[in-house]
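A short write-up of the structure that comes next.
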Amino acid sequence: IDSSGSGPFNATYLIDGLSRLTKYAAFFAARDLEDPSNPSPSLAMCNFTTLDLAPQFLEGYPNYTITSPTSFNLTVSLNEPCNVTYMVLRECTGVPTVDELLNNVMPASRCSCDAFAPIPEECEVIRWGRFEVPAAEFNVVRTVTELVVNKHDSDDGDLTCFEGDINNSSSIYMVYLAAVDADGNRQIDPVVAAPMSAAQERSLVRESAFLKVDMDAMLQFQNNTPAVYNIKTDRFDVLVIADRECYVVYVVNKITV
């Protein structure tokens with residue numbers, strides 16, 4: 001213990017390698033630095049029980065990388081081995097509780113999607129899955145792919161589809177994640193935006209997380225389109241070539257010369 005200055009003097013020492021949820025009694029004795037030294041007249045004792053905490057996402061995790069117009073990779077790393085469950089939802093579907101996330105359930109009562117929009121949306125789970133993280137501080141990549149294109153007949157009989165090759169009229173998708181370790185310790189509500197901050201990593205609160213995935217970053221027009229051709233006095237044709245199936249919205253404004 002540093003004895004510079006006047007007392008009382010404080011010191012902090014880490015005791016690690018203990019077991020979870022175990023009761024311990026710690027005994028302490030001290031002696032000063034005199035020669036000969038003077039021991040403390042009696043032992044000091046304190047009782048404590050170690051905690052059993054849920055897994056914690058490490059700082060910077062989870063994160064994602066778009067790999068194609070129809071898929072993206074989830075990358076996670078945690079402070080202990082565990083199972084991670086994820087759920088992909090529309091942004092308007094609502095936020096699941098950890099119970100709902102783990103059981104692949106999303107109540108329609110929290111839905112704010114517009115079923116009467118030009119491209120109607122329904123509240124449903126787009127993708128759900130579970131995978132193992134075998135070790136602490138171990139990167140696991142899970143590919144979310146084969147995202148269904150939700151097509152419907154438009155008023156003129158043509159077949160349209162949702163932008164992003166996911167059944168969503170928006171390009172934004174919410175991915176919710178929760179981790180559970182081998183002892184059944186699971187993360188709690190509420191979900192917090194990823195990536196985790198260093199302060200959250202040090203916290204005893206083990207919260208689930210979510211990612212906001214924007215697939216629109218991959219959508220591009222190709223071959224110098226849109227292009228206008230076959231112009232007549234009262235109409236014209238537009239050519240659009242995109243790098244994937246999509247729903248194109250256009251507006252024509254009259255310009256007075």
Side-chain angles (χ1 to χ4, degrees), residues 60 62-76 86-96 104 106 108 110-129 131 141-177 193-195 209-257:
N63 58 60
Y64 76 93
T65 303
I66 297 176
T67 56
S68 80
T70 60
S71 64
F72 57 89
N73 284 343
L74 289 174
T75 303
V76 302
Y86 69 91
M87 178 184 287
V88 181
L89 300 174
R90 296 174 178 81
E91 196 170 13
C92 58
T93 301
V95 179
N104 192 18
M106 188 61 207
R110 255 171 271 142
C111 177
S112 62
C113 298
D114 185 1
F116 300 99
I119 306 176
E121 292 184 309
E122 297 178 1
C123 285
E124 60 184 4
V125 177
I126 296 174
R127 280 289 178 268
W128 181 89
F131 56 92
V141 179
R142 175 75 171 193
T143 300
V144 182
T145 187
E146 298 180 1
L147 299 167
V148 177
V149 179
N150 188 0
K151 299 182 178 180
H152 69 282
D153 291 322
S154 61
D155 293 337
D156 58 6
D158 293 334
L159 203 61
T160 61
C161 65
F162 290 137
E163 177 182 305
D165 273 354
I166 306 179
N167 47 341
N168 191 355
S169 63
S170 168
S171 62
I172 304 296
Y173 310 97
M174 307 304 296
V175 184
Y176 297 92
L177 306 99
F210 75 86
L211 290 167
K212 194 171 186 177
V213 178
D214 187 356
M215 297 292 289
D216 193 38
M218 294 286 289
L219 179 62
Q220 294 181 346
F221 291 117
Q222 297 180 329
N223 298 348
N224 297 317
T225 65
V228 177
Y229 68 100
N230 196 24
I231 301 174
K232 306 296 184 181
T233 57
D234 59 349
R235 66 183 183 273
F236 59 88
D237 294 329
V238 177
L239 173 65
V240 175
I241 302 175
D243 63 356
R244 67 183 113 162
E245 293 181 293
C246 64
Y247 184 81
V248 177
V249 177
Y250 66 92
V251 176
V252 179
N253 292 323
K254 180 179 180 179
I255 300 176
T256 302
V257 179

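Every heavy atom of this structure was used, including side-chain atoms; hydrogens, water molecules and symmetry mates were not.
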Under 3.5 Å: donor-acceptor pair, side chain of T225, backbone of I241: yes

Closest non-hydrogen atom pair between P96 and L89, with its separation: CD-CD1, 3.9 Å

Counterpart residues, side chain to side chain contact (heavy atoms under 4.5 Å, CB included), relative to S112 (two or more places apart): C92

Heavy-atom closest contact (V240 atom, P226 atom, distance): CG2-CB, 4.0 Å

Closest non-hydrogen atom pair between L211 and P62, with its separation: CD2-O, 3.4 Å

Distance in Å, L177 CG paired with F210 CZ, rounded so as to fall on 0.5 Å steps: 11.0 Å

Sub-4.5 Å side-chain heavy-atom contact between V125 and V88: no

Mutual orientation of the aromatic rings belonging to Y64 and F72 [parallel < 30°, tilted 30-60°, perpendicular > 60°]: perpendicular

Non-hydrogen side-chain atoms of F236 and V252 separated by less than 4.5 Å: yes

Inter-residue atom distance L239.CG - N223.CG, 0.5 Å rounding: 8.0 Å

V76 vs F131, side-chain contact (heavy atoms from CB on, under 4.5 Å): CA-CA, chis, key distance, verdict: CA-CA 10 Å; V76 302; F131 56 92; 3.6 Å; yes

Beyond-backbone contact of M87 with R127, side-chain heavy atoms, under 4.5 angstrom: no

side-chain hydrogen bond (donor to acceptor under 3.5 Å, both in side chains) partners of D237, counting only residues at least two apart: N230

Residue Y229 excluded, over 12 heavy atoms near OH under 6.0 Å: yes

Side chain proximity check, V95 to R110, heavy atoms < 4.5 angstrom: no

Shortest non-hydrogen contact from G60 toward N63: O-ND2, 3.2 Å

Point-to-point distance, once rounded to the nearest 0.5 Å, from NZ of K212 to CE of M174: 6.0 Å

Atom pair CH2 (W128) and CE (M106), whose distance is rounded to the nearest 0.5 Å: 15.0 Å

Y86 side chain near L74 side chain, heavy-atom distance below 4.5 Å: yes

Sequence-distant partners of T143, side-chain hydrogen bond (donor to acceptor under 3.5 Å, both in side chains), two or more places apart: N73

